[in-house]
Number of protein chains: 2
Amino acid sequence: MAEPEQLASALRLLQGDGCPLRGIFDEATSRWATLIMAALITGPHRFAELRDRLGGISEKMLAQKLKAMVRAGLVARDAKPTVPPQVTYSLTELGASMAGPLTGLFRWFGSHGDELTRAQRAYDAG
Amino acid sequence: MAEPEQLASALRLLQGDGCPLRGIFDEATSRWATLIMAALITGPHRFAELRDRLGGISEKMLAQKLKAMVRAGLVARDAKPTVPPQVTYSLTELGASMAGPLTGLFRWFGSHGDELTRAQRAYDAG
DNA sequence: CAGCATCCGACACGATACTG
DNA sequence: CAGTATCGTGTCGGATGCTG
């Protein structure tokens, strides 16, 4: 197969033999994290903006996921000490570097969405 | 920002206003699905091979996820009517086309894993 | 060997109410 | 506005045992 060794190493790490990356990977590719990343790719956003842009996420989950992503070094939190508080979230350099591969995935879904839904409908029909 | 329109459409779809793609996206990027895709990128595999390669997945989840991925048209199931049964899973053409963007993500994790764990450790220390 | 059925615990997630 | 606290529930996901 001769995959590039970087991929091979990623695969090995993902097999889960107590590797710490596995947890981070699960978190970073979890349901909301990818969508939050997508929302932040276009630039910094405030808490309420993210909540509105995402569609269906609860404030609890949003706060929780954002905290985890800050912890993973993907997202930067910038809180201005004003009243009312004004908190802005943005991608860190690390997060921005992940954005590239991620938008690849998003674009793929954008262009193959029809095939997916058609395949699924065909399967259900058969 | 001027993101390519394909990405914009993907983002719009992902906002979840009753869009059917959202469900498929959640499924395809769910915990095990990405890992199963990764395992299948290197070629067809049998059930037990996948179970062993994945590390930590239960047979129930594997069967369940494989079925969902077959339904989404990402994976092909080839069952030989022998005794004992011999079932091989492989990527469909659609699945293979998703593999590209996906390996991009995997490679990113392969090369930025250290930064992630370091960032997390630094956060926990602070 | 493949994989379905059943049971059950853990926790992901949402709704609501409350605080600085 | 940006969270935190608390509670309730559904789903995720593992362990075990059984079938073709």
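A, B, ... follow the sequence lines: proteins, then strands. Residue 1 opens every chain.
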*Asp52(B): side-chain hydrogen bond (donor to acceptor under 3.5 Å, both in side chains) partners, not counting sequence neighbours*: none
*Keeping to residues at least two apart or across chains, list the salt bridge (charged side-chain N to carboxylate O under 4.0 Å, His left out) pairs with something in residues 28-40 of chain B.*
Asp26(A)-Arg31(B)
*Not counting sequence neighbours, which residues clear ring pair (Phe, Tyr, Trp, His ring centres under 6.0 Å) with Phe109(A)? List them please.*
Phe25(B)
*Quick one: side-chain contact (heavy atoms from CB on, under 4.5 Å) partners of Pro85(A), sequence neighbours excluded?*
none
_5′-ward residue of the pair Leu66(B)/Met61(A) relative to DNA chain C_ = Leu66(B)
_Whether Arg46(B) contacts dC1(C) is assessed here as follows: a side-chain N or O lying under 4.0 Å from the phosphate OP1 or OP2. Is that the case?_
no
*Can you name the side-chain hydrogen bond (donor to acceptor under 3.5 Å, both in side chains) partners of Arg53(A), sequence neighbours left out?*
Thr42(A), His45(A)
*Starting at atom NZ of Lys65(A), determine the distance to atom C1' of dG14(C), rounded to an integer number of angstrom.*
14 Å
*For atom CG of Leu62(B) and atom C1' of dC12(D), their distance in whole Å*: 15 Å
_Positions of residues 71-91 of chain A (non-hydrogen atom under 4.0 Å from DNA chain C), listed by number_ = Pro85(A)
*Give the rounded distance in Å between these two atoms: CD of Gln64(B) and C1' of dA2(C).*
15 Å
*What nucleic acid atoms does Glu59(A) come within less than 4.0 Å of, heavy atoms only: base, sugar-phosphate, or nothing?*
base
*With sequence neighbours excluded, residues passing side-chain hydrogen bond (donor to acceptor under 3.5 Å, both in side chains) with Asp114(B)*: none
*Got a sec, which pairs hit salt bridge (charged side-chain N to carboxylate O under 4.0 Å, His left out) with one end in residues 60-76 of chain A, sequence neighbours left out?*
Glu27(A)-Lys65(A), Arg71(A)-Asp124(B)
_Atom-pair distance (CG on Leu54(B); C1' on dG13(D)), nearest Å_ = 14 Å
_By side-chain hydrogen bond (donor to acceptor under 3.5 Å, both in side chains) - contacts of Glu59(A) (at least two apart)_ = Arg51(A)
Identify all pairs in which a protein N or O lies below 3.5 Å from an N or O of nucleotides 8-11 of chain D, and state each distance.
none

*Near DNA chain D, which residues from residues 23-39 of chain B have a heavy atom under 4.0 Å away?*
Arg31(B), Trp32(B)
_As a test of reading the structure: which of dG13(D), dC13(C), dA2(C) is closest to the side chain of Ala48(B), going by heavy atoms?_
dA2(C)
*Would you check if Leu105(A) and Thr34(A) make a side-chain contact, meaning some heavy-atom pair closer than 4.5 Å?*
no
*Is there any salt bridge (charged side-chain N to carboxylate O under 4.0 Å, His left out) pair reaching into residues 73-86 of chain A, and which pairs are they, with sequence neighbours excluded?*
Asp78(A)-Lys80(A)
*Once you round it to whole Å, what is the distance between C1' of dG14(C) and CD1 of Ile57(A)?*
11 Å
*What pair of heavy atoms forms the shortest contact from Ala28(A) to Leu74(A), and how long is it?*
CB-CD1, 4.3 Å
